[in-house]
Amino acid sequence: MKSLRKVFEVPAVLTLIHYRVVLILVATVLLSVSFVPGLTEFRTLSLSLDRAATLGLVAVGLTVVLLLGKLDLSVGSILALSGIAAIALQPQLGQFGAAAAGVLVGLLAGILNGFLVVVLQINSLVATLASMIFLRALCHFLTDSNPISGNDPLFGLAVSRALGGSFSLRTFIFLLAIILLFLWLTYTVSGRHTYAVGSNEDAATASGIRSGAYVFGAFVFSGLMSGIAGVMQSLATNTGSPVFGSTIALTAIAAVVIGGTRLEGGRGSALGTLGGVLVLAAITTTLEYESVASYYQNIVTGTILLILILLDRIASDSPRSALSLSSLLPTRAQKRSPAP
Amino acid sequence: MKSSLRFGAVAAAGALLLTSCGGDSPDNGDNGAEAAEGLDICYVTAAESHAYVSPANAAFQDAADELEVDVTLLSQEFEAQTGTDQLRTCIGRNPDGIVLWPLDPQAYIPGLVEAQDAGIPLVLINSPMDEEAEGLYTSFTGPDTYEQGQLAGDVLDEELGSEGNVVIIAGQAGNGTTIGRTDGFNDKLEELGSDIEVVQTVNADFDQQRALELSRDVLSQHGDDLQGVYANDDTMARGFIDAWTESGRDLEDMPAIVGINGQQDAFESIEEGYYTATIVQSPEEDGRLALETIVGAATGEEVDSRIPIPLTVVTEENVADEEPAF
């Protein structure tokens with residue numbers, strides 16, 4: 001074990017571990033391409049990304065929540081509720097108005113979560129577990145447990161169809177969200193404060209950062225992202241269903257964690273999350289192309305998750321990369337954040 | 001009827017292939033027998049392990065192997081949201097044909113439009129979709145759920161002599177099969193001018209455990225004044241029977257009970273005399289018919305937009321002669 005430890009202290013190995021998300025992504029894609037003919041076609045890429053976009057948007061919101069050391073389990077319920085609003089309100093508000101209302105619903109749900117966690121000081125796991133159950137029940141109540149459909153099935157095609165032979169609208173929105181999150185976390189003061197709050201909330205508060213506001217904001221952001229994802233999902237299928245998104249929360253958390261964000265908070269990045277989402281998308285596309293039963297996909301996902309978390313622990317246990325206060329200083333933070 | 005139908009389809013396909021010189025299949029030779037061979041079919045199924053779906057999938061695959069057709073099977077695991085994405089992935093692969101098991105009457109419509117734009121024939125298997133989807137797919141093969149409801153209404157009305165209190169144990173609310181089987185039943189009673197009163201309709205989601213729980217409530221409310229039960233499938237009927245015996249009641253005093261699907265245990269119960277009827281719908285027939293239809297469509301043959309699978313009402317009288325579906 002000791003000699004094994006030593007191996008992990010070699011700088012080259014540490015660097016590899018540091019970029020483990022990229023490694024896993026490259027490995028997954030290479031394996032996929034060698035197994036499945038036709039996977040390299042641009043159309044396949046475009047479709048896979050479109051499928052990943054819903055999960056990706058939810059993961060973007062969750063990245064910030066997890067960075068702060070909190071959890072949001074209610075994202076799936078928010079996704080369903082926003083989608084239902086975006087479809088059900090179409091007769092009253094028109095298609096665009098209803099879509100906006102759906103996003104607003106996501107935002108309000110996020111405010112509810114923020115209130116529970118920050119103002120009432122409920123543990124985020126418990127608080128969002130409660131709102132997950134409550135909001136899911138609300139979805140069933142509002143729709144009488146039946147899926148509802150919008151008035152024009154073709155309206156939503158604009159969301160999921162490739163624009164001018166490139167990517168779909170929701171893919172672009174997802175990629176834009178990743179870029180904005182990356183810029184915010186890396187180059188702004190408030191972004192760096194987020195890392196500080198996530199590492200040690202009390203210390204951050206003592207040094208003058210309004211930690212509560214950051215946590216509150218993170219839940220609102222997560223709700224907003226789930227709302228956007230839900231609205232686009234419902235438009236793409238022209239259906240508001242009370243069962244949509246029932247498994248997405250855990251998959252999105254998996255994507256964020258594969259991307260190197262730690263559940264304990266304080267470490268993670270936007271590009272890591274992009275990597276995590278792409279790994280999952282590549283696995284799904286490959287195994288589906290090969291007609292592999294879906295539970296095998298979960299075996300692969302679970303294994304990758306475990307390997308990455310073990311690597312993460314080795315990397316952070318080794319003295320060279322131990323997380324110190326200095327790593328939170330602006331210069332280090334800028335260097336670290338792109339791909340921890 | 002079923003064998004003649006299948007023979008007809010195969011004969012028509014054969015005749016067409018012998019005379020036509022171009023199908024959709026890229027490697028379409030002059031020899032008709034080879035035309036179906038090597039076709040690439042994308043099959044979005046409901047689930048991988050389920051009492052009804054699994055044998056249907058297996059029959060689908062067997063029929064494909066027979067015709068040497070390649071099948072890519074994607075499983076929705078009973079999540080329509082997954083299915084809508086998988087349908088679009090299928091379209092992206094540009095197969096010779098797509099078979100879709102719809103789990104929602106609406107959500108796949110945008111995908112159907114895309115398949116049509118891409119010129120890919122698409123067959124719906126087993127479950128119906130809403131009217132808005134009509135014309136967006138090539139064919140719908142599968143049981144006529146409305147007809148099943150009608151048959152069930154007929155048999156229960158006869159058994160009860162057109163009077164009595166009846167409870168309906170339905171599947172998931174909003175599910176196309178639930179709607180067809182329940183509406184068909186209610187409409188039939190009305191059509192017959194029956195005095196049967198449906199005192200309660202519960203949604204037990206095609207789940208035995210859920211049916212058991214709901215039946216307990218039903219029994220405590222109507223237990224002593226209940227003459228008939230109509231369950232949307234045999235599994236839920238089993239749940240009711242469990243609740244009945246659990247409450248200390250005798251099997252001999254069971255209300256008339258009618259289920260659908262023709263499961264093995266329903267057959268046994270009919271033989272034992274406490275189960276009125278079930279309606280056989282064969283999953284093997286379901287799967288095979290869908291594959292044969294999509295192969296027909298993919299090779300350029302004209303196929304009917306609605307191809308039902310045959311249904312048989314099984315009661316005490318013919319239970320010995322019929323085979324359970326699964």
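Each chain gets a letter, A, B and so on, in the order the sequences are listed, and its residues count up from 1. Values in this document were obtained by computation on a predicted structure and should not be read as measured data.
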**Complete:** Highest number of heavy-atom pairs under 4.5 Å with chain A among B:I109, B:L74, B:V71 belongs to B:L74

If the cut-off is 3.5 angstrom, what donor-acceptor pairs do you find between chain B and chain A?
unit_1	atom_1	unit_2	atom_2	d
B:E48	OE1	A:S294	N	3.4
B:L73	N	A:S291	OG	2.7
B:E77	OE2	A:S294	OG	3.1
B:E79	OE2	A:T247	OG1	3.4
B:Q81	OE1	A:G245	N	2.7
B:Q86	NE2	A:E288	OE2	2.9
B:R88	NH1	A:D50	OD2	2.3
B:R88	NH2	A:D50	OD2	3.4
B:R88	NH2	A:S160	O	2.5
B:T89	OG1	A:R51	NH1	2.8
B:Q106	NE2	A:S149	OG	3.3
B:A107	N	A:T239	OG1	3.3
B:D117	OD2	A:R161	NH2	2.7
B:G174	N	A:N146	OD1	3.0

**Message:** Between A:L79 and chain B, with a heavy-atom cut-off of 4.5 Å, which part of the residue counts as in contact: side chain, backbone, both or neither?
**Reply:** side chain

**Complete:** Okay, B:I91 and chain A: the region with an atom under 4.5 Å from a heavy atom over there is both

**Asked** Just wondering, are more than 12 heavy atoms of other shown residues or ligands nearer than 6.0 Å to CZ in A:F172?
**Response** yes

**Request:** Taking all heavy atoms of A:A236 and all of B:P110, pick out the closest pair and write down the distance.
**Result:** O-CG, 3.1 Å

**Fill in**
So disulfide bond (SG atoms under 2.5 Å apart) across residues 39-99 of chain B, not counting sequence neighbours, yields B:C42-B:C90

**Message:** With a 6.0 Å cut-off (strictly less than), is the heavy-atom count around CZ of A:F96, excluding the residue itself, greater than 12?
**Reply:** no

